[in-house]
Amino acid sequence: MNYSGEPILHTSIEFLKGVGSFKAELLRKELNIASYSDLLHHFPYRYIDSTQVQHIKSLQPDQEWVQLRGIIMNLQEHGAGFKKRLTATLYDQTGQLELVWFQGISFVAKNIQSNTAYSVFGKLSFFNGFPTITHPELELVKPGAQTTTPTMLPAYSVTEKLRAKGVNNRSFAKLTQALLEKINPSDIYETLPPELLQQYNLCGRYEALSQIHFPQNARSLEQASHRLKWEELFIAQLKITKANLRNHQQPGYVFGAVGNYFNDFYSNHLPFELTNAQKRVIKEIRMDTLQGKQMNRLVQGDVGSGKTMVALLSMLIAIDNGYQSCMMAPTEILAQQHFQGISELLKDMPVKVAILTGSVKTKERRKILEDLKEGRIAIIIGTHALVEDTVVFYNLGLAVIDEQHRFGVSQRAKLWQKNTLAPHVLVMTATPIPRTLAMTLYGDLDVSVIDELPPGRKPIHTIHRFDSNRFKVMEFIKYEIGKGRQIYIVYPLIDESDKLEYESLLKNYEQVKTHFPDPKYNVAMVHGKQAADEKERNMQRFVSGEAHILVSTTVIEVGVNVPNASVMLIESAERFGLSQLHQLRGRVGRGSEKSYCILLTSTEISKESRQRMSIMTQTNDGFLIAEEDLKMRGPGDIYGTRQSGALDFKIADIIQDVALVEETKNAAAAMLHADPELSHPNHRMLYNALHTKKSSDAPHWNKIS
Ligand code: ADP
Ligand code: MG
């Protein structure tokens, strides 16, 4: 939502009162806030009613954010080194609660006044039944002050690091306040033409942006958020609609015939009967590629539904028509697996298959590039290495993109720069985005669904256990290893670069090793901080069967196939979303053995977490889980989409705001019908919005340059 113009908004955040160069750097690093505009668009995620103060005695485990008022006493430091922490007790009339700090200890210790009344705000957790707030936000209670403070205070998301450096929710609110004082109504340009404002009863942009931070009352907040959601969805719909118009005009190669390659493979080498769903999707692809228009198709299928075979059969049709194909995977490990699998399937056929990744050596690479350019390679499988400028195809007819939500339009385009026509594109994903949602959001792609698993799959037996049963769980794992099976143990590392989280992973790894000591057990570990080759090596130890246990973060969640692995143990499972749990679970159940997914959680988990665990233990159906996930968490949190930016709306919620999605879709269509290029002076700002590149724009399907 940064538009060109609005000069003052381009000011560096460093120059705002109360920021300075140190905080500016921190804000940029932690929240990607570099300019006034970024700060202005960092909306509160909720509002605290400052008149609402809770009592300690009535706090419940599933209350997340709480505001309390009481006296702070017993400041104490414990431990040393990185285990050092500071604790204090908060007393109100009804009970006591522990406050804990792991960072910024000396600053806090120096500044807190013991035996003094504070207003305390923070995230509640329970340890052994005792309520605790880690890194609370504190404010001295000044007698008589409440009367002047507004009742709706904004709550902003700030990171742990910012908190530790003293930028908490309240000081953040002071920054936005300072910013709003500097900005005049005329500094903010109106993006929507007057007739839309009137027709849809929307408030002006300046008003919306100031009220969203400091609403006068519930009604003005509602108006502000309505206006901002409307604008956000409207612009997204303009992009989608334009992309649709554009793609449907795009000519493409005609794959007129199904020939010998396809037929020979189908009759003589296909190792199993296709499922009906696979057959249906192949027919859809066949129809697409006959039309003389470029295919843009998204194939969604749950983990293990057999998307690779659909891709392979499509590539054989391309070969039948004299064209090359490529298949791109998100990681080297996956590319290797595809290469081995497909080479094996095609070993008795005269089809040259090659692999190109970052680790292919220069000499070999030169040969591959040469063969590719001369048309001697029919299928090339690889990673992002495939989009490098040196890769030139003889005639690329089909590009398959596996499990890559980040692979956007501009990157796709790089693949076929040298082609006369754009190749057909097949995107495959296990992220079970509900169909209606995909239609709305991936407007420039047609969607196929493989809604059937190959026969004979044994459902994965999923169980939920509390930490207190850890010992028994480990015994069970030993039993499985004794039978020759392998085990995944996954830890939630939300932020792989976070030092504390990383340390806790290492600690956990050591803990696993105490249960499974050398040399009897072989434990490997992979995480995002390892160098690519180290990750690869550790992964390979597990793939080859040498390591019994793979301890990892979620880096393994997509696509990896180790059929001998029979147990997926997910630690702190309450910290994962439903779809992510399902993805992780999909790593097992790939062989003939019975498989298990064990969800370990702490005993005190919220109602929602309990509900998630219970859904997981009840169903293996990825689409059902996606729907539930959407209901429970909202679309921004669907696994794989938060990172991709595909559903990453700042303020709109496409489930709750489904009526707005419809309304803005119609409004966008009407506008583009009347003014396809948005050249009318009143549409200038919208034109800019569609054509300015933000640095934070991850490329994705709907973002056209
Ligand atoms: P995904 O959709 O997760 O990419 P894969 O393509 O990796 O799934 O397929 C998972 C496994 O199922 C592979 O071992 C594959 O050979 C097998 N498979 C695929 N289709 C069928 C089928 N119709 N019948 C039996 N097995 C199949
Ligand atoms: Mg796959």
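Every number for a ligand or one of its atoms is a count from 1 in the order of the listing.
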Next item on the list: Check the side chains of Ser614 and His464 for a donor-acceptor pair under 3.5 angstrom, ignoring hydrogens and angles.
Entry: no

Notebook entry, point to check: Quick one: does atom 6 (O) of ligand 1 have a protein heavy atom under 4.0 Å from it?
Noted result: yes

Just checking [X] against [Y], ring centres under 6.0 Å apart?
X      : Y      : value
Tyr394 : Tyr323 : no
His548 : Phe542 : no
Tyr509 : Tyr491 : no

For [atom], what's the nearest protein heavy atom and its distance?
atom                    : result
atom 20 (N) of ligand 1 : Gln278 NE2, 3.0 Å
atom 16 (O) of ligand 1 : Phe272 CE2, 3.5 Å
atom 3 (O) of ligand 1  : Gly304 N, 2.6 Å
atom 14 (O) of ligand 1 : Asn561 ND2, 4.7 Å
atom 2 (O) of ligand 1  : Lys307 NZ, 2.8 Å
atom 13 (C) of ligand 1 : Arg457 NH2, 4.6 Å

Check: Judging by distance only, is a nitrogen or oxygen of Gly301 under 3.5 angstrom from one on ligand 1?
Finding: no

Check: Got an N/O contact under 3.5 Å between Gly306 and ligand 1?
Finding: yes

Check: Regarding Lys478 and the six-membered ring of Phe516, is the cationic atom NZ or CZ under 6.0 Å from the ring centre and inside 45° of its axis?
Finding: yes

Notebook entry, point to check: When you check the gap from the basic side-chain N to the acidic O, do Asp451 and Arg280 get nearer than 4.0 Å?
Noted result: yes

Note to self: Quick check on contacts: which atoms of ligand 1 are under 4.0 angstrom from a heavy atom of Leu274?
What the structure shows: 23 (N)

Notebook entry, point to check: Which ligand 1 atoms does Thr308 reach within 4.0 Å, using its non-hydrogen atoms?
Noted result: 4 (O), 5 (P), 6 (O), 7 (O)

Next item on the list: Could you tell me whether the side chain of Val543 reaches within less than 4.5 Å of the side chain of Gln336, counting heavy atoms only?
Entry: no

Note to self: Looking at ligand 1, is there an atom of it that comes within less than 4.0 Å of some heavy atom belonging to Glu273?
What the structure shows: yes

Next item on the list: Verify, without hydrogens or angle tests, whether Ser609 (side chain) and Ile605 (backbone) share a donor-acceptor contact under 3.5 angstrom.
Entry: no

Note to self: Tell me the closest heavy-atom pair linking Pro423 and Ala399, and the distance in Å.
What the structure shows: CB-N, 4.4 Å

Next item on the list: Select one of side chain, backbone, both or neither to describe which atoms of Thr275 lie under 4.0 Å from any atom of ligand 1, heavy atoms only.
Entry: both

